[in-house]
Structure formats: structure tokens, C-alpha cells
Amino acid sequence: MIVRISNEGQFELDESDHARLNELDDTVVAAVDAGDEDGFHAGYEELLHFVRTEGRELGADDLLPSDFILPPPDLSFVEAGEEFTGDGLIPEPEPAA
Amino acid sequence: MAGGMGGRFSTVIKSKISRMLDRAEDPGETLDYSYQRQLESLQNVKKGIADVVTAKKRLQMQSQKLEQSVVKLDTQARQALSAGNEDLARIALERKNVAQTELQSLDQQVTELEGQQEKLTDSEQKLRTKIESFRTKKEVIKAQYSAAEAQVRIGEAATGVGEQMADVGLAMQRATDKTEQMRARADAVSELEAAGTFDDLTALGPGQDDIDRQLSELSSTSQVDDELSRMKAELGSGQGGAESKQLGEGGAA
């Protein structure tokens, strides 16, 4: 699964990371919904950290499309309100068939 | 992964890519057309970056001018105080205070803009690399695949480039928004400059009373008071008899 951090790069993560990614995403949505700015920054930073450390960065010459696109790391709280709503950016993983 | 991409950023990216793919009819032609469009986009990105750099340079020049004003006004405050003109010293310090506040705000915004410019340049570099990669891949696709297969592979390759293009677009948007905000701020500073706010105080002319009234509202009184006392103490320590009187005044102010 490929995740792009906007204005930073693309990272390839293991399918098994999807659940954790979804959890982190939900935490960010909850913080935004609660109007908790500090919580949003901490949560989004954790989400980005997970992608950067668990993922392998793709080369710039790679032409693979991303499965998920995260907003830029310097996203403001106001901008976040437009992005992190409902299911967030990463939906629940589909149940294994 | 159904519905895997949410949010405004990814929606914009998806619609751009699907528009690009909708044009696909003859694979060879589509490939060349896509590549031409990619090169055009790259040109636009370069122009956009140049605009951001120009805006930043203008602000840096303004920042340098303000720095000079701060130094000049500080010197004038000292001179006025040495000459026993405390009112003039206070005016100079009020102006210095305003100039310093503007300077800090400008410098902070220039730093933020620099960060965004860096990301923009980085994203542009990646786009350039992806376009080059696309160019290589397009020749392979043209030479090796049937029309139907080529269609699929074009889709994949074009999506990769399209996504990077959208990423550059986003970086550009953010840098441009920042320069717009800064322009508003810079215009406000220019107005102060045009009103003679940071001018040489020895050239005080008619209409200055009004400026000073506005300035004393803008600048922080406690900061000006503190600085005036500090300056008095500094000057006083080298002036023997004048010391006790000046320090006494500072305490009462």
C-alpha cells in the first residue's frame, strides 16, 4: 500500500499497517471534531511519523499512484477541519475475504 | 481500498487524472500529448517559483530597510537624551518599537515562506524526475505493447505523474497564499514608511504630531518606558552629576 505525504513524498507500507494507520487517522478526526488543536497537531505528527518510519520511501522516478494521500505536514488546524471529517482519510481496512 | 482516497486534496488529484485519461484514444498519441502537457506544466511551475522568489526578495529588502531604521532611531534616541530632550527620545523609541515589531513579523513570515519555497522546489524536482521517467517509459510502451495493453500502462504511468503534478500545484498554492498574506503586511509597512514614520527625526516637519499620536498607540508603552530608563542609566553612568536626576525621572515615568 502506498501512502503519499503531500509536499514530502510517497511511502510504501505493508498491508498489515492499514489497521494502525486507520486508528491514527481516527484519532486525528476525533481531535478535529473536538476542536482540540494541540491534540490535532500531536495526532497528525504521530500519523506522519508512523508513515515515515514504517514505510519505505519511493524513488522520485517511480510512477506508482498512491492509495492514500495525506495533506502536507504543516497543515493548519483550520485546513484540517476541511480534511479530517467522517471516516478521515484512511477508511477501515476491508475485512479479510 | 474502495473509497480509499478522501478529502479535498485527493479529490482534486483524482479529477485531474481522470480528465487526463479521458482524452486517451490512440495510445501513442496520448503518450506524446501527456508528455507535452507535462513539460508545459513544468514550465508553469518554474514561473511560479520565480514569482515566489521575487516576492520574497522584495520583503527581504523591506526588512533590511527596517533594520536600518531601528539602528538610526536608536542612535537618535540616545542623542536626544544626551541633549536633555526626553520628549524627542521617547518619540524615537516609540518609532523604533513599531519598526521592531514590524521587522519581527516580516522576518517570521519570510522564514515560513522559505520553508514553503523549499518544499515547492523539492516537489518540482520530483516532478521533473517523474516526467523524465515517463518519457523513457512512453517509448517502451509504444514499442512493446498492443493498443489495449498500452492503454492500461499509460493510465498507470500518467497517474503517477499526475499525482506529482497535483502535489506541486498544492505546494504552489500554499506558497502563493503566503505571499498574498505577506503582501498585505508589507503594504501596511509601506504606508507607515510613506507617512514618514521611520524618517530622520531631525527632519520633523508639520503633520508629525499626528503620526506620533498614532504611533504611541501602536507601540508598547511599557517597552518604551523600560528602554528609556535603560538608556538613561547607560548615559547617566558616564555623566556624573546628571545621573541621580535622570534615574529619578525614569523611576517616576
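Predicted model only: the values in this text are computed from it and were never measured. Every chain is numbered from 1 and lettered A, B, ... according to where its sequence line falls, protein lines coming before strand lines.
By the 6.0 Å contact criterion, NZ on Lys47(B) is open, its count of non-hydrogen atoms from other residues, nucleotides or ligands being 12 or less. Counting non-hydrogen atoms of neighbouring residues, nucleotides and ligands closer than 6.0 angstrom, the NZ atom of Lys57(B) reaches no more than 12 such neighbours. In the displayed structure, Glu118(B) atom CD is contacted under 6.0 Å by at most 12 heavy atoms of other residues, nucleotides or ligands.
In terms of the side chain to side chain donor-acceptor pair (under 3.5 Å) criterion, residue partners of Ser146(B) (sequence neighbours excluded) are, by chain and number, Glu149(B).
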Tell me which donor-acceptor pairs under 3.5 Å the side chains of residues 27-35 of chain A have, and how far apart each pair is, sequence neighbours excluded?
residue  : atom : partner  : partner atom : Å
Thr27(A) : OG1  : Glu23(A) : O            : 2.9

- request: Mind running side-chain contact (heavy atoms from CB on, under 4.5 Å) on Asp122(B) and Glu8(A) for me, showing each step along the way?
  value: CA-CA 8 Å; Asp122(B) 179 61; Glu8(A) 185 170 318; over 6 Å; no

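Considering every non-hydrogen atom in both Glu156(B) and Pro65(A), the closest pair reads O-CD, 4.4 Å. Taking both residues in full, the closest heavy atoms of Lys130(B) and Asp62(A) are given as NZ-O, 2.6 Å, listed atom of the first, atom of the second, then distance.
Arg174(B) places a side-chain N or O within 3.5 Å of a backbone atom of Asp74(A) that can act as its donor or acceptor partner. With hydrogens and angles ignored, the 3.5 Å screen pairs no side-chain donor or acceptor of Asn7(A) with any backbone N or O of Leu120(B).
With a 4.5 angstrom heavy-atom cutoff, Gln10(A) touches chain B only via side-chain atoms. Neither the backbone nor the side chain of Gln125(B) comes within contact range of chain A; no heavy atom of the residue lies under 4.5 Å from a heavy atom of that chain.
A salt bridge is absent between Lys126(B) and Asp61(A); no separation between the charged side-chain nitrogens and carboxylate oxygens falls under 4.0 Å.
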